[in-house]
Engineer: 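Mind looking over this structure? Questions follow.
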2 protein chains.
Amino acid sequence: MSFAPTSSTWAATTIDALRGAGFRTGGARRAVIELLARQTCCLSAQEIWDGLRRESRPVGIASVYRVLEVLADLKLVQRLDVGGGVARYEPMLPSGDHHHHLVCDDCGKVEAFSDEPLEDALRDLGDQAGYDVDAHDVVLRGSCGDCRV
Amino acid sequence: MSFAPTSSTWAATTIDALRGAGFRTGGARRAVIELLARQTCCLSAQEIWDGLRRESRPVGIASVYRVLEVLADLKLVQRLDVGGGVARYEPMLPSGDHHHHLVCDDCGKVEAFSDEPLEDALRDLGDQAGYDVDAHDVVLRGSCGDCRV
DNA sequence: TGCGAAAATGATAGCGAGTCTCATAACTGC
DNA sequence: GCAGTTATGAGACTCGCTATCATTTTCGCA
Ligand SMILES: [Zn+2]
Ligand SMILES: [Zn+2]
Ligand SMILES: [Zn+2]
Ligand SMILES: [Zn+2]
């Protein structure tokens, strides 16, 4: 849940990691990273593109996808899917701090939650299966309090 | 994990449920349902289309998607996403029995697992958030034992 | 059993997220 | 600055999926 506090360092960490991996620093890449760093939850590529355009920092849509692909490969962002056939992305903090999502099938609302017992169960499962798990997705779908009437 | 035992009844239950909901019985719908009933894990729409064609039961691709949409709306199948931008579908047994998935990012292998502690944690979470949760997705991503070397 | 309204089906056009291509612009080491 | 290399962006393209619509099939009813 506490996301913003550490996210300012995420941008720096991420740019360092890219440098370390032999990438140069271009304007589009930096713009996408800085926008992502300001978020508290996931964004779609289109939303990132719109956001940058709105703040007069227009970037080619292809660049947005390219940056996201590189960041995902380096495990600096998590690509996730909450339905609707649109991929969403959010920063992966070095601390491992993260959250998961509740989606209301009726109104489309997306809420975040985090839960230690859940993380414990997931950690055990990965170990048990002999997998080196580096990410997990959890999405709960249903009707939120407002929609259930 | 135990899927096949109850899946033979799933086809009948599903066809009954459709009737009850006011749907007529068409050949395409029955073919898709019967193919799904024979599976132990998720299939994509294309895989279903290919499978039916291979068993000389060709069906329009549009019908496959339509049937899956209806079944998903009636919560008779679960639509899930293990990455790659392709939706997959698997029967939802009336018993509530189900499993989740481990995906190897290297070789693409998809394995199923089920775990009670995980289900308990998820149930608690839904209640806690005031959601009427009717489905949840859990996907663990990483490197399987074979790929990690 | 045969009719007709209404639903199911399938071919195909259309849509949109995401990828590929390639010419141009920007970065970096010299 | 210069050259070599990487990053960028416009647009063509791919492909999963949906919408459309003419045709076929189902099923209540006479
Ligand atoms: Zn989030
Ligand atoms: Zn988690
Ligand atoms: Zn499965
Ligand atoms: Zn479960």
Side-chain angles (χ1 to χ4, degrees), chain A residues 14-36 42-53 55-74 76-89 108, chain B residues 14-36 42-53 55-74 76-89 108:
Chain A
T14 296
I15 289 175
D16 283 357
L18 285 172
R19 260 232 168 68
F23 291 96
R24 291 182 185 173
T25 316
R29 195 168 283 159
R30 184 181 301 270
V32 170
I33 290 170
E34 286 174 354
L35 187 145
L36 272 174
C42 51
L43 285 183
S44 69
Q46 281 294 333
E47 287 168 344
I48 292 169
W49 187 80
D50 290 343
L52 290 174
R53 163 149 306 217
E55 50 190 69
S56 308
R57 196 70 173 62
V59 157
I61 187 73
S63 295
V64 173
Y65 282 107
R66 253 184 315 234
V67 174
L68 292 172
E69 187 188 359
V70 169
L71 294 179
D73 285 350
L74 268 55
L76 294 164
V77 303
Q78 175 157 19
R79 177 186 272 132
L80 57 99
D81 197 312
V82 297
V86 185
R88 305 188 145 262
Y89 303 83
Chain B
T14 297
I15 290 176
D16 283 357
L18 286 173
R19 261 231 168 70
F23 291 96
R24 291 182 184 173
T25 317
R29 194 169 284 159
R30 184 182 301 269
V32 171
I33 291 171
E34 286 174 353
L35 187 145
L36 272 174
C42 51
L43 285 183
S44 69
Q46 280 293 333
E47 287 168 343
I48 292 169
W49 187 80
D50 290 343
L52 291 174
R53 162 151 306 220
E55 50 190 68
S56 308
R57 196 70 174 64
V59 157
I61 187 73
S63 295
V64 174
Y65 281 106
R66 254 184 315 233
V67 174
L68 291 171
E69 187 189 359
V70 169
L71 294 179
D73 284 350
L74 268 54
L76 294 164
V77 304
Q78 174 155 19
R79 177 187 272 133
L80 56 99
D81 197 311
V82 298
V86 185
R88 304 188 145 263
Y89 302 83

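Note on naming: letters A, B, ... go to the chains in the order of the sequence lines (proteins, then strands), and numbering restarts at 1 for each one.
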Engineer: Heavy-atom nearest nucleotide on DNA chain D for B/Ser44 versus B/Gly27: which residue maps closer to 5'?
Structural biologist: B/Ser44
Engineer: Touch check for A/Arg29, heavy atoms < 4.0 angstrom, all strands: base, sugar-phosphate only, or nothing?
Structural biologist: sugar-phosphate
Engineer: Can you name the closest pair of heavy atoms from B/Arg53 and B/Pro58 and give their distance?
Structural biologist: NH2-CB, 4.2 Å
Engineer: Nearest heavy-atom pair of B/Arg88 and B/Ser44: which atoms, and what distance?
Structural biologist: NH1-N, 3.7 Å
Engineer: Of all the choices, D/dC27, C/dT9, D/dT8, which nucleotide is nearest to the side chain of B/Arg24 once you look at every atom?
Structural biologist: D/dC27
Engineer: What is the distance from CZ of A/Arg30 to P of D/dA7, rounded to the nearest Å?
Structural biologist: 13 Å
Engineer: Quick one: B/Arg57 CZ to C/dT9 P, roughly how many Å, whole number?
Structural biologist: 10 Å
Engineer: Figure out the CD1/P separation between A/Ile61 and D/dA12, and round it to whole Å.
Structural biologist: 16 Å
Engineer: What's the verdict on side chain to side chain contact (heavy atoms under 4.5 Å, CB included) for B/Gln46 and B/Val86, showing C-alpha distance, side-chain angles and the deciding distance?
Structural biologist: CA-CA 9 Å; B/Gln46 280 293 333; B/Val86 185; over 6 Å; no
Engineer: Between C/dT28, D/dT8, C/dG10, spot the one nearest the side chain of A/Thr25, thanks.
Structural biologist: C/dT28
Engineer: Please give, in whole Å, the distance from D/dA7 P to A/Phe23 CZ?
Structural biologist: 6 Å
Engineer: Round to the nearest Å and state the distance from B/Tyr89 atom OH to D/dG16 atom P.
Structural biologist: 12 Å
Engineer: Starting at CG of B/Leu68 and ending at P of C/dT9, how long is that distance when rounded to a whole Å?
Structural biologist: 12 Å
Engineer: Considering just the side-chain nitrogens and oxygens of B/Tyr65, establish if one lies under 4.0 Å of OP1 or OP2 belonging to D/dT18.
Structural biologist: no
Engineer: Between B/Arg19 and B/Glu69, which residue's closest nucleotide on DNA chain D lies nearer the 5′ terminus?
Structural biologist: B/Glu69
Engineer: Determine yes or no for a side-chain-to-main-chain donor-acceptor pair under 3.5 angstrom, with B/Arg29 supplying the side chain and B/Arg24 the backbone.
Structural biologist: yes
Engineer: Grab the CZ-P distance between B/Arg79 and D/dG16 for me, whole Å please.
Structural biologist: 15 Å
Engineer: Over the length of the helix from C/dT1-D/dA30 to C/dC30-D/dG1, how much do the five-pair end axes diverge, rounded to 10 degrees?
Structural biologist: 30°
Engineer: Between B/Val64 and A/Val86, who's closer to the 5' end of DNA chain C by nearest nucleotide?
Structural biologist: B/Val64
Engineer: Here's a test for you: under side chain to side chain contact (heavy atoms under 4.5 Å, CB included), which of B/Leu68, B/Leu76, B/Leu71 qualifies with B/Tyr89?
Structural biologist: B/Leu68
Engineer: Is there a side-chain contact between B/Leu36 and B/Thr14 (heavy atoms, below 4.5 Å)?
Structural biologist: no
Engineer: After noting the C-alpha distance and the side-chain angles of A/Thr25 and A/Leu18, does the key distance pass the side chain to side chain contact (heavy atoms under 4.5 Å, CB included) rule?
Structural biologist: CA-CA 8 Å; A/Thr25 316; A/Leu18 285 172; over 6 Å; no
Engineer: If you pin A/Gln46 and A/Ala62 to their nearest nucleotides in DNA chain C, which one's is more 5'?
Structural biologist: A/Gln46
Engineer: Whole Å only: how far is the CZ atom of A/Arg66 from the C1' atom of D/dG9?
Structural biologist: 7 Å
